[in-house]
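Take a look at the structure set out below.
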Amino acid sequence: MKRSNLIVLKTATWIACMWPLGLLVWGAVTNTLGADPTSHVALTTGYTTLMLLTITLAITPLRKLSPWLSWLIKFRRLLGLFAFFYATVHMLAYAGLYAGFSPQTMMDDIAKRKFITSGVATYLLLLPLAFTSTNWAIRKMGGKRWNRLHKLVYVAAACGVIHYWWQVKTGVLLPLPFTVVIAVLLLARPVLSWNQKRKASAAVTARGSVSTAGD
Ligand code: HEM
């Protein structure tokens, strides 16, 4: 991809990722966050976190599907860090607006409300991923270990979906699209890896027979 196109796309990504936050700030300033502003902030930031996490997760399978999409890798870290940013705002919104920063209330909630427990678990899974997202961390850990650790993103996404299901009322199917997409992405991973290995070994065999024929 041309450098100028990349700059345009990166700028667009930044604007798109900042958009939900901008709307929240605008709503807070103009007092138009609706009847329940606390819930509005929590729902918007939670939803945006899961959306960005899902998009981040989709990048590797999409790249494996087509070499034309290899440029997507340049956006993975940015999107992942924005997911973590919204998760942090979401967590702080809960801590401040719901629990009034009371450690006791938070501990009680974590112990008694399973949707809060799963939310905290999801956030804790995202922490090591965010902290090891720098080039320095990749060099220090080595590619293999880094890749192994970053598989946690799948567990985090699954936990995020469970958190969503436990948060909605019985019978509400809003988390279903996320569940389906994340399940497909999870299943796609081994299938695409197997396909890649199969293609690579076919290429080696073909090269071998060409050189034998030339002997
Ligand atoms: C410390 C961690 C977390 C806590 C305490 C927490 C808490 C909450 C609360 C209180 C709500 C409900 C708001 C309401 O009904 O008014 C909520 C909703 C939600 N949270 Fe979390 N959460 C956490 C982490 C996460 C993470 C990491 C994700 C994403 C991966 C996430 C995704 C969601 C989603 C998708 C919703 C529902 C949004 C909607 O209905 O549109 N949460 N969370």
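Keep in mind that this is a model prediction, so the values were computed, not measured. Every heavy atom of this structure was used, including side-chain atoms; hydrogens, water molecules and symmetry mates were not. Numbering of ligands and ligand atoms starts at 1, following listing order.
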Transitively linked via ILVMFWY side-chain contacts under 4.5 Å: M91 with M107?
no
Give the ring-plane orientation class for W14 versus F82, where under 30° counts as parallel, over 60° as perpendicular and anything between as tilted.
perpendicular
Does K10 NZ have over 12 foreign heavy atoms under 6.0 Å away?
yes
Is the ring pair Y47/F178 parallel, tilted or perpendicular, if the boundaries are 30 and 60 degrees?
perpendicular
N/O contact list for ligand 1, threshold under 3.5 Å:
{"from": "ligand 1", "atom 1": "15 (O)", "to": "Q167", "atom 2": "NE2", "distance (Å)": "2.9"}
{"from": "ligand 1", "atom 1": "16 (O)", "to": "S39", "atom 2": "OG", "distance (Å)": "2.6"}
{"from": "ligand 1", "atom 1": "16 (O)", "to": "Y98", "atom 2": "OH", "distance (Å)": "2.4"}
{"from": "ligand 1", "atom 1": "20 (N)", "to": "H90", "atom 2": "NE2", "distance (Å)": "2.9"}
{"from": "ligand 1", "atom 1": "20 (N)", "to": "H163", "atom 2": "NE2", "distance (Å)": "2.8"}
{"from": "ligand 1", "atom 1": "22 (N)", "to": "H90", "atom 2": "NE2", "distance (Å)": "2.8"}
{"from": "ligand 1", "atom 1": "22 (N)", "to": "H163", "atom 2": "NE2", "distance (Å)": "2.9"}
{"from": "ligand 1", "atom 1": "40 (O)", "to": "Q167", "atom 2": "OE1", "distance (Å)": "3.4"}
{"from": "ligand 1", "atom 1": "42 (N)", "to": "H90", "atom 2": "NE2", "distance (Å)": "2.9"}
{"from": "ligand 1", "atom 1": "42 (N)", "to": "H163", "atom 2": "NE2", "distance (Å)": "2.9"}
{"from": "ligand 1", "atom 1": "43 (N)", "to": "H90", "atom 2": "NE2", "distance (Å)": "2.7"}
{"from": "ligand 1", "atom 1": "43 (N)", "to": "H163", "atom 2": "NE2", "distance (Å)": "2.9"}

Grouping I, L, V, M, F, W and Y whenever their side-chain heavy atoms are under 4.5 Å apart, do L187 and L62 come out in a common cluster?
no
Please report the shortest heavy-atom distance between I116 and D109, naming the atom on each side.
CB-O, 3.9 Å
